Amino acid sequence: MNHGFFRVASATPKIKIGDCDYNALQINSLIDDLYAKHAQIIVFPDACITGNTVGDLFWQESLVDSAFDKLKSIAEHTEGKEVVAIVGLPIRFEEQLYDCAAVIYNGEIVGLIPKTHISDADANETRYFKSGKYVEGEYEGIPFGANLIFDFDRVPGLKLGVELGGDLWVPNPPSTALSIAGATVIANLSANREIVGRKIYRKSLVCTQSERAKVAYIYADAGEGESTTDFVFSAHNMIYECGRKLAEANRFKNEAVYADVDLERVVAKRRELCREVDVYFDANHIDVDLKPMNYAVEREIQMSPFVPRDKKKRMHACNEAIEIQAAGLKQRLEAIGCKHAIIGVSGGLDSTLAMLVTAEAFDQLGIPRANIHAYTLPGYGTSDRTYNNAGELVKTLGCSFKEINIEKAVDQHFEQIGHDKNDKNSTYENAQARERTFLLMDLANDLGGIVVGTGDMSELALGWATYNGDHMSMYGVNASVPKTMIRFIVKYYADASDNDKLKKILYDVLDTPVSPELLPSDDGMISQRTEELVGPYLLHDFFLYYMLTYGYTPGKIAFLAEKAFEGKYDKSKIVECLKIFYKRFFESQFKRSCSPDGPKVTNLSLSPRGGLTLPSDADVRAWLDAVNDIE
């Protein structure tokens, strides 16, 4: 079971100009090699049967006829194989010559697609070819036209469209229309002349079109063997999926590359657009009875999907996150004419980021940081480490700082409600969180300020917050930032800081175990560790991302997690945490239904105001049953 993954490939044969026999053998050899690697769609370059640079030999009937004969032989070579090959050649149709892609499956040529946009920029194409934009019909009984879409009913989510070379380089590529008409995978047969700087532009085109059209895009480029009379070809083969690079060949190597396309992700990206568009051409759908193969998916899955893998992009994302959070708070303060902020600081990751963001917002507003009123509110479980870090952080940032011990107030509360202090149940824990919120809210009223919330998206997802306690604030700057990303942001801030004292504090905060510190400390040490109770945030953030971003099933999420966390968490741990995640996620919607305002920072938001519209009484049974069915 491949969980929606499907292997595709892009290949460049080393050809000989005008030698169709030789070129067909090279194409067949690559088909065999890639099929053995379980690739089931293989895309070859433009005019690869003849060579793209044969020049006026395109006018020779013998070459055109030979190319079609060799196309038939390539088709025969695929008989009995569950593979679709797409190769380029010239076709003479109704007395005109067209630059075409031929789609082959199981011994047959199932479609011919002519190039739409003919250009003279490099290749003198108008000298030889006509545009196939408005041409459709049949060539020797084979469907012919630029509007062909190939449907694969046995492969859910797979619908193939084809364009050629420069079709991609125009303002309105055929792949746009094909995607609107339903194509989820686009093959591009190209022979792009290489010049300085073109690699970057070519990549940007493929990347952008795959993202804009919401498709997997397979780009096959001509390479060694093409004539170098005036140009060089680099075999720059690429595979992208909705803006994400899956594979890229080294240029000038004639490399074949393959990748596992996630068709379910492509379909989900289409679905999230949730809009109607006009289909401005009638697609001709061709059924292809390809049977999908089972194989070991090789795709690399990132452990922290909210955070870019590339270091440079990750640093940029962390900086952007702080900018967005600070901009949101700045606007809120300006809108209500407020010049004071009240924050409860614990010495943990969340309140640390909230302090950094608030300081940024106040600096932008030109309000003294002394107007940021930070309070440490130690209770039964406060550890020496977090207590000290909280105080040192506030002082280093130049904000106002005060301590209010809540133990006596909570003791009195227990007496009032008749709760035995030795019974350390949820009442024992939640009373402390509500006492802190009660104090912060009243302090905000007294100081004419607002309470800046510190809770993060991961806690909201799991309901790991006390209702009307730390769950509540007047503006939650971390509301759509997951715990795993907060760790990266704080580290980024520490690394970038030129304040050695601040660096030291932030690094120690990063090394501190995540804890609500609501149970008595152990001789000043943290005794309550969140991840020992609900499981690792790494896993929960992973589950949250794939559940809400793409709507994946529990089985697929577990499959992806196994690959992402191989060597870190085994399957039993993943399944155990997945059960906890679904149960807590569904049970906690009532807390999210009345969550405070806060800026959307990542691609997800749990805000009831459009981020996540979910009934508070939805039944989790179907999801838990699916988890139990995981083998």
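Everything quoted here is computed from the prediction, not taken from an experiment.
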Margin query: With side-chain hydrogen bond (donor to acceptor under 3.5 Å, both in side chains) as the criterion, how do Gln325 and Asn478 come out once you've worked through the C-alpha distance, each side chain's angles and the decisive distance to 0.1 Å?
Written below: CA-CA 7 Å; Gln325 291 173 277; Asn478 295 337; 2.9 Å; yes

Under the rule for side-chain hydrogen bond (donor to acceptor under 3.5 Å, both in side chains), what residues qualify as partners of [X], not counting sequence neighbours?
X	answer
Thr484	Asp541
Ser234	Glu194
Tyr105	Glu82

Distance-only donor-acceptor check, side chains [X] and [Y], under 3.5 Å:
X	Y	answer
Arg193	Asn52	yes
Ser190	Tyr219	yes
Ser210	Glu241	no
Gln209	Thr176	yes
Tyr492	Asn319	yes

Item checked: ring pair (Phe, Tyr, Trp, His ring centres under 6.0 Å): pairs with one or both residues in residues 143-184, sequence neighbours excluded -> Phe93-Phe144, Tyr98-Phe144, Trp169-Tyr201

Notebook entry, point to check: Would Phe488 and Phe306 count as a side-chain contact (heavy atoms from CB on, under 4.5 Å) if you check the C-alpha gap in whole Å, the side-chain angles of each, and the deciding distance to 0.1 Å?
Noted result: CA-CA 10 Å; Phe488 280 102; Phe306 285 102; over 6 Å; no

Next item on the list: Would you please name every residue forming a side-chain contact (heavy atoms from CB on, under 4.5 Å) with Ala561, sequence neighbours left out?
Entry: Phe542, Phe543, Phe565, Ile574

Checklist line | Worked check of salt bridge (charged side-chain N to carboxylate O under 4.0 Å, His left out) between Glu211 and Arg244 | finding: CA-CA 8 Å; Glu211 171 59 32; Arg244 177 186 297 178; over 6 Å; no

Does [X] reach the side chain of [Y], with side-chain heavy atoms less than 4.5 Å apart?
X	Y	value
Val83	Ile42	yes
Val620	Glu587	no
Val288	Asp151	no
Asn294	His38	no
Ile580	His540	yes
Leu290	Gln40	yes
Ile41	Arg7	no
Ile218	Asn188	no

Next item on the list: Could you tell me the separation between the CE atom of Met547 and the CD1 atom of Ile557, rounded to the nearest 0.5 Å?
Entry: 7.0 Å

Notebook entry, point to check: From Met457 CE over to Leu612 CG, what is the distance, rounded to the nearest 0.5 angstrom?
Noted result: 10.5 Å

Does atom [atom1] of [X] have more than 12 heavy-atom neighbours, drawn from other residues, nucleotides or ligands, at distances under 6.0 Å?
X	atom1	answer
Lys81	NZ	yes
Gln96	CD	yes
Glu562	CD	yes
His316	NE2	no

Check: How are the rings of Phe559 and His3 set to each other: parallel, tilted or perpendicular (split at 30° and 60°)?
Finding: parallel

Next item on the list: Could you check whether the rings of Phe586 and Trp623 sit parallel, tilted or perpendicular, using 30° and 60° as the cut-offs?
Entry: tilted

Next item on the list: Quickly, which of Arg299, Lys563, Lys556 forms a salt bridge (Lys or Arg N to Asp or Glu O under 4.0 Å) with Asp262? Name it, please.
Entry: Lys556

Can you name the nearest heavy-atom pair linking [X] to [Y], along with the distance?
X	Y	answer
Ser595	Ser607	OG-CA, 4.4 Å
Gly223	Thr12	N-CG2, 3.5 Å
Asp46	Asp99	OD1-OD1, 2.6 Å
Ser175	Tyr217	OG-CE1, 4.2 Å
Pro143	Ile286	CG-CD1, 3.8 Å
Ala626	Pro554	CB-CG, 3.7 Å

Next item on the list: Give me the one residue out of Leu148, Ile109, Val162 that meets side-chain contact (heavy atoms from CB on, under 4.5 Å) with Val103.
Entry: Val162

Next item on the list: Write out all pairs satisfying salt bridge (Lys or Arg N to Asp or Glu O under 4.0 Å) with one or both partners inside residues 306-328, taking only residues at least two apart or from two chains.
Entry: Glu300-Arg309

Margin query: Tell me whether the NZ or CZ atom of Arg265 lies within the 45° cone about the ring axis of Phe5 and under 6.0 Å from its centre.
Written below: no

Between [Y] and [X], does any NZ, NE, NH1 or NH2 come within less than 4.0 Å of an OD or OE carboxylate oxygen?
X	Y	answer
Lys245	Glu248	yes
Glu224	Lys253	no
Arg609	Asp597	yes

Note to self: Quick one, Asp167 with Lys115, criterion salt bridge (charged side-chain N to carboxylate O under 4.0 Å, His left out). Give me CA distance, side-chain angles, the key distance, then yes/no.
What the structure shows: CA-CA 7 Å; Asp167 284 346; Lys115 187 173 184 179; 5.8 Å; no

Next item on the list: Check the pair Thr78 / Asn106 against side-chain hydrogen bond (donor to acceptor under 3.5 Å, both in side chains), numbers first and verdict last.
Entry: CA-CA 5 Å; Thr78 67; Asn106 193 25; over 6 Å; no

Margin query: Assess the residue pair Ile15 and Glu226 against the criterion (side-chain contact (heavy atoms from CB on, under 4.5 Å)); give the C-alpha distance rounded to whole Å, side-chain angles, the decisive distance to 0.1 Å, and a yes or no.
Written below: CA-CA 7 Å; Ile15 66 164; Glu226 291 287 0; 3.5 Å; yes

Notebook entry, point to check: When you look at Arg271 and Val267, which way does the side-chain contact (heavy atoms from CB on, under 4.5 Å) test go after all the steps?
Noted result: CA-CA 6 Å; Arg271 191 168 53 240; Val267 172; 3.8 Å; yes

